Asker: 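Take a look at the following structure, please.
Throughout, protein chains are lettered first and strands after them, A, B, ... in sequence-line order, and every chain is numbered starting at 1. Just so we're clear, the structure is a prediction, and the values are computed from it rather than from any experiment.
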Amino acid sequence: MTGVAESHRKLVTVITESTLERDLERELEALGAGGWTISDARGRGDKGVRASHWGHSANIRVEVVCDTPLAERVLTRLREKYYANYAIVMWVQDVEVLRPDKFR
Amino acid sequence: MTGVAESHRKLVTVITESTLERDLERELEALGAGGWTISDARGRGDKGVRASHWGHSANIRVEVVCDTPLAERVLTRLREKYYANYAIVMWVQDVEVLRPDKFR
Amino acid sequence: MTGVAESHRKLVTVITESTLERDLERELEALGAGGWTISDARGRGDKGVRASHWGHSANIRVEVVCDTPLAERVLTRLREKYYANYAIVMWVQDVEVLRPDKFR
Amino acid sequence: MPGGLDPIVMFFGLGLLAGALKADLRLPPAIYEFVSTLLLLSIGMKGGIELAAGGGGGLPLQIALTLVLGILLTFLAFFILRGVGRLDRVNAAAVAAHYGSVSVATFAVGVAFLTRAAIPYEPTMPLLLVLLEIPAIVIGILLAKGLRSDTPWGEIAHEVLLGRSVLLLLGGLLIGTVAGAEGLEPVKPLFFDLFKGILAIFLLEMGLIAADHFGGFRRHGLFMVAFALLIPPLFAVIGIGFAALMGLSPGGAILLATLAASASYIAAPAAMRQAVPEANPALSLTASLALTFPFNILVGLPLYQRLVDWLLPA
Amino acid sequence: MPGGLDPIVMFFGLGLLAGALKADLRLPPAIYEFVSTLLLLSIGMKGGIELAAGGGGGLPLQIALTLVLGILLTFLAFFILRGVGRLDRVNAAAVAAHYGSVSVATFAVGVAFLTRAAIPYEPTMPLLLVLLEIPAIVIGILLAKGLRSDTPWGEIAHEVLLGRSVLLLLGGLLIGTVAGAEGLEPVKPLFFDLFKGILAIFLLEMGLIAADHFGGFRRHGLFMVAFALLIPPLFAVIGIGFAALMGLSPGGAILLATLAASASYIAAPAAMRQAVPEANPALSLTASLALTFPFNILVGLPLYQRLVDWLLPA
Amino acid sequence: MPGGLDPIVMFFGLGLLAGALKADLRLPPAIYEFVSTLLLLSIGMKGGIELAAGGGGGLPLQIALTLVLGILLTFLAFFILRGVGRLDRVNAAAVAAHYGSVSVATFAVGVAFLTRAAIPYEPTMPLLLVLLEIPAIVIGILLAKGLRSDTPWGEIAHEVLLGRSVLLLLGGLLIGTVAGAEGLEPVKPLFFDLFKGILAIFLLEMGLIAADHFGGFRRHGLFMVAFALLIPPLFAVIGIGFAALMGLSPGGAILLATLAASASYIAAPAAMRQAVPEANPALSLTASLALTFPFNILVGLPLYQRLVDWLLPA
Ligand SMILES: Nc1ncnc2c1ncn2[C@@H]1O[C@H](COP(=O)(O)O)[C@@H](O)[C@H]1O
Ligand SMILES: Nc1ncnc2c1ncn2[C@@H]1O[C@H](COP(=O)(O)O)[C@@H](O)[C@H]1O
Ligand SMILES: Nc1ncnc2c1ncn2[C@@H]1O[C@H](COP(=O)(O)O)[C@@H](O)[C@H]1O
Ligand code: NA
Ligand code: NA
Ligand code: NA
């Protein structure tokens with residue numbers, strides 16, 4: 001995978017209830033994430049169908065590109081805080097980035 | 001990639017016409033997928049520009065995290081059913097997940 | 001990763017200001033990309049919070065599946081043109097695709 | 001411009017111009033849906049109020065003839081497309097379904113046209129509109145696929161019979177019939193007073209959408225252009241014939257002619273995409289949106305009025 | 001249908017029907033927000049205009065009694081849910097918070113009902129509506145979690161006190177009070193003339209949403225159905241008692257009864273999700289949206305009017 | 001509050017308050033676009049109707065002087081920003097483009113202000129508004145980049161000349177001129193009767209947006225605050241001078257003063273982002289939205305009315 005981009009990072013993707021957006025942003029900030037991207041989504045999972053009602057999308061899709069230690073901290077923290085009571089799913093991938101300094 | 005999450009799964013991403021949403025959900029359910037995430041998208045491909053009109057987004061972006069056999073079945077089924085007549089694109093990636101039981 | 005799909009390609013993901021949408025599409029076309037997918041997003045990064053106002057989403061999320069040389073050209077071109085003055089982030093991943101001919 | 005075009009069609013022109021100039025005037029999809037919801041409910045309720053006032057005579061005959069009209073127009077379109085246009089069977093069937101069916105937006109402009117000219121029309125027209133929407137779609141699918149067993153008729157019936165426009169029109173009709181003019185007085189400011197303004201906004205957006213589809217012409221050739229412009233007056237004349245059979249008033253005849261002349265661009269495309277995915281959707285949409293719709297609201301309406309005056313003298 | 005149901009509840013019925021048939025009639029979320037913003041501002045401004053005209057006597061007593069009413073209803077609901085329904089503490093507390101709190105949509109239909117029947121009511125009612133929304137949520141959280149230190153009270157207060165409905169109602173009230181009827185004359189066409197039409201659109205959407213939640217019944221059993229249908233008249237009677245203590249007019253008493261009978265489906269769910277995430281959100285929403293809301297607007301309002309006539313004879 | 005502030009500016013205050021409290025009152029973007037589309041069309045059509053009624057005397061002179069005014073204000077702003085504020089060339093040019101250009105929202109509040117005070121104004125004002133929007137942007141880009149060949153003038157022209165506001169204003173003007181008051185009677189309920197209510201909703205959203213931008217102040221220092229608050233009255237006086245040269249009525253002079261005093265926050269930011277991406281967009285937006293806009297609608301309008309009374313006695 002050489003030649004395309006310089007450095008390796010992790011991409012953490014979180015799908016969860018849209019009402020958690022502010023809360024999640026606070027967590028990411030506290031954990032030290034330098035940036036993230038959020039978009040609206042809907043879907044289905046163990047907690048049933050989540051489709052958009054009343055001006056709020058049902059789910060959000062949060063992406064954080066960061067280094068491995070931060071990715072681990074994010075996963076651990078969100079699992080502890082939300083897994084028991086909220087509709088939430090997370091996955092992790094390898095990505096290559098151009099400016100590693102932007103992604104701690 | 002050890003240490004971040006426990007298990008490996010496949011992430012299948014499908015970009016296709018938004019009118020297929022219900023149909024696709026029925027297929028995913030029939031194939032046994034435990035969950036999926038859908039968001040609205042637009043784009044360009046062989047079938048031309050697909051931008052949003054009249055209250056319907058042009059495309060949807062469907063993500064399914066699942067094990068390799070299910071990923072194969074999803075790809076095969078969607079290819080058979082939609083490739084000939086619809087705007088559709090699919091790709092597959094490796095992901096790590098925390099709770100492998102959630103993603104068959 | 002054999003058996004699921006036939007060929008390997010790169011997935012380039014770009015998060016940037018939504019006002020650049022038309023401009024970016026022109027660049028991608030000029031570079032020879034056969035297709036791309038765009039969705040609306042919001043987020044935070046070095047350039048601060050970017051949330052949706054006034055009928056325009058703050059950010060867009062552009063995905064291009066293509067071969068390695070094109071991925072490199074896309075990264076290089078966008079870096080040259082936008083890095084200095086715009087909110088922009090890019091990352092690259094490996095993907096498997098079914099119809100390699102669709103993704104140059 | 002009394003006697004001439006309704007000023008609201010200028011909003012269509014503005015949209016067309018903006019679209020042609022590639023200007024960014026597009027209304028958000030949510031607004032398109034809001035505006036069309038209001039229009040559909042208004043049209044239905046208007047009809048319902050008149051029905052409640054006792055205007056629904058001769059309905060069974062009207063219903064039967066409307067269904068016949070829908071089937072007839074679809075077959076006619078199909079044979080012209082096959083015979084003259086040399087389209088393959090699947091595409092001919094899909095386009096025929098669009099032209100046998102109707103456009104609610106065209107109907108709304110027709111209603112505004114009659115209101116402006118103070119010409120009354122039968123309150124049953126919204127019901128006939130719904131009835132004319134459906135048979136063409138069924139016939140179109142049959143023409144494309146024959147009586148094959150794998151056609152998902154259940155899903156298609158659901159899509160068509162429970163589509164937005166059918167439900168909102170029939171729902172409005174029912175509410176209007178039950179509540180009557182007096183009962184709906186409190187919602188008059190939204191549904192009736194704003195009707196023309198809302199229609200103006202809708203036409204602005206329709207202009208933008210029509211402009212988007214002009215590009216499709218280059219590909220689809222002269223035959224489709226001729227088809228999209230000549231079918232409306234032909235079908236209008238047939239519609240007037242059926243209006244005579246139904247004994248409709250001049251206003252009702254103008255509306256039935258307009259409906260026959262109009263081509264679907266919402267219900268039919270959705271159903272065809274599902275049941276006949278092999279058909280090229282751009283072919284029908286380009287003809288219907290970029291040619292037939294503008295033709296009907298700009299040229300057709302006054303023309304059909306004259307035809308009715310001429311063919312059905314009082 | 002004079003003397004009977006308001007025709008606008010037929011829009012709710014249309015939505016319910018469309019939802020039950022799984023028809024795609026859903027309004028975009030943006031329209032739901034637009035429409036609800038207009039309704040909230042209208043209700044607030046209407047109250048404010050009357051206040052400016054000098055109608056706000058006895059306010060301190062009304063405020064105090066309203067807060068007591070909110071607390072009382074929540075405890076009552078909690079003990080019924082625990083004692084009769086055998087719900088666990090957390091779910092009983094969450095449902096109780098919904099039923100102790102209020103539904104603005106129900107209030108809006110109540111206002112339309114009184115307007116139609118030409119029955120006046122106290123201009124302070126929108127204020128009491130806001131006041132009745134809040135204590136139930138606080139009590140509900142306390143009942144669920146006790147006085148634990150990790151409850152994010154700051155965030156919950158922010159969410160509830162600065163929620164859309166509270167701010168728009170109070171903002172409208174303030175604007176109405178300062179500007180008065182004359183000052184708001186220029187905005188009357190949007191906020192007052194369109195009120196009932198906008199409410200009709202809102203009820204259409206509410207019908208669709210309610211239909212979505214019917215599925216929840218199967219799971220939650222007969223007790224919840226009974227609870228959702230019997231609590232409203234019981235709480236309405238208690239509300240009428242408090243109206244008598246406050247010295248409200250018959251119109252005011254009908255509205256207070258309606259508020260007491262109504263169950264929150266916006267503020268309470270949001271607060272409970274945040275503060276008591278262990279509670280099953282579907283339980284409260286199903287009861288509140290699919291049963292209590294329709295019951296109140298279809299059966300409740302005329303019933304509460306009779307109860308007021310009977311219990312508070314002029 | 002007769003004689004004082006228009007009650008609709010209280011909606012701005014409500015938005016500001018809600019924004020400052022970080023309350024979640026935001027309207028969906030789709031509603032913002034709908035509401036602004038209605039306002040722009042209304043303003044244009046209003047002017048067009050008056051033009052049709054024969055009110056467009058002295059137009060060529062007005063056009064020429066408006067263009068001069070736009071250029072003059074931009075240069076003036078630029079030299080103040082460079083000389084007094086010590087901003088670098090690129091940022092000075094970008095901010096100057098905003099202040100040389102105009103804000104349609106401010107104009108709409110000005111129109112409402114004059115309507116309320118029953119002061120007539122020239123029907124050509126919407127046209128002058130469009131003309132005043134553009135030169136500042138061109139000059140701003142030239143000041144930033146010089147006559148460099150890599151400036152994408154084609155794209156910028158497209159963006160500015162075919163932007164929403166220009167097209168909707170000119171489109172409305174044209175429709176109004178062609179159709180006249182009588183022809184537009186049927187769309188009056190939507191475009192004219194609802195105007196002030198729609199403007200109230202718009203101002204609510206503007207308050208929220210302005211509140212979002214207050215944070216920017218800390219960074220940009222005292223000079224920018226002073227600039228944003230002192231430029232409006234200065235530019236208003238210059239505007240009044242030009243109004244005198246054009247021979248405008250007092251109402252027209254108040255509107256031209258208001259336009260001169262206003263700062264763009266839609267067209268200019270979009271054009272600058274494209275042509276001068278090195279400039280800091282927050283600098284201009286903060287000044288324009290969070291200070292100049294509120295100043296103009298709260299303090300400016302009554303002030304400019306007095307200035308006109310004083311400087312241009314009848
Ligand atoms: N296997 C999956 N693949 C992709 N997205 C999923 C999957 N399972 C759940 N999701 C998403 O995550 C949300 C919460 O999942 P859950 O907690 O299982 O209800 C769902 O609403 C889906 O949007
Ligand atoms: N190379 C690509 N990369 C990313 N998305 C693509 C690509 N090609 C097509 N798409 C998306 O898939 C949709 C259907 O593609 P197509 O069937 O090629 O018209 C397009 O509208 C795009 O949104
Ligand atoms: N570490 C990150 N992970 C995911 N998205 C990011 C990250 N950093 C920035 N972004 C996105 O990219 C946009 C531009 O970033 P920036 O140029 O750093 O302001 C932000 O608004 C985010 O949506
Ligand atoms: Na037809
Ligand atoms: Na209650
Ligand atoms: Na200015």
Asker: Counting only non-hydrogen atoms closer than 4.5 Å, does F:F195 touch chain E with its backbone (N, CA, C, O), its side chain (CB onward), both, or neither?
Answerer: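 It is neither, since no heavy atom gets under 4.5 Å.
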
Asker: Can you tell me which portion of E:L41 sits under 4.5 Å from chain F's heavy atoms? Options are side chain, backbone, both or neither.
Answerer: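 The side chain, not the backbone.
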
Asker: Give the member of E:I175, E:L38, E:L167, E:T37 that has the highest number of heavy-atom pairs under 4.5 Å with chain F.
Answerer: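 Option with the greatest count: E:I175.
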
Asker: With a 4.5 Å heavy-atom cut-off, do E:P189 and F:P189 have their side chains touching?
Answerer: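 When only atoms from C-beta onward are counted, F:P189 and E:P189 do not touch, as no gap falls below 4.5 Å.
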
Asker: Check whether F:L204 gets within reach of chain E through its side chain, its backbone, both or neither, counting any heavy atom under 4.5 Å.
Answerer: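 Answer is side chain: those atoms of F:L204 sit under 4.5 Å from chain E.
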
Asker: Is the shortest side-chain heavy-atom distance between F:L248 and F:M125 below 4.5 Å?
Answerer: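 The answer is yes; the side chains approach within 4.5 Å.
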
Asker: Ring centres of E:F202 and E:Y32 under 6.0 Å apart?
Answerer: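 Yes.
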
Asker: In terms of heavy-atom proximity below 4.5 Å to chain F, should E:L170 be classed as side chain, backbone, both, or neither?
Answerer: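 Looking at E:L170, nothing touches chain F.
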
Asker: Measuring centre to centre across the rings, with the benzene-like ring taken for any Trp, is F:F293 within less than 6.0 Å of F:F12?
Answerer: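 They qualify: ring centres under 6.0 Å apart.
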
Asker: Between E:S264 and E:E133, does any side-chain donor sit less than 3.5 Å from a side-chain acceptor?
Answerer: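 Their side chains do not contain a donor-acceptor pair, so the 3.5 Å distance test is not met.
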
Asker: Measure distances from F:A18 to the heavy atoms of chain E and classify the residue's part below 4.5 Å as side chain, backbone, both or neither.
Answerer: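 For F:A18, backbone and side chain are both near chain E.
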
Asker: Could you tell me which portion of F:L14 (side chain, backbone, both or neither) has an atom closer than 4.5 angstrom to a non-hydrogen atom of chain E?
Answerer: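 For F:L14, side-chain heavy atoms alone lie under 4.5 Å from chain E.
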
Asker: Below 4.5 Å, heavy atoms only, C-beta onward: do E:P135 and E:T74 meet side chain to side chain?
Answerer: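 No. Closest side-chain heavy atoms not under 4.5 Å.
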
Asker: Counting only non-hydrogen atoms closer than 4.5 Å, does E:L161 touch chain F with its backbone (N, CA, C, O), its side chain (CB onward), both, or neither?
Answerer: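 No part of it gets close to chain F.
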
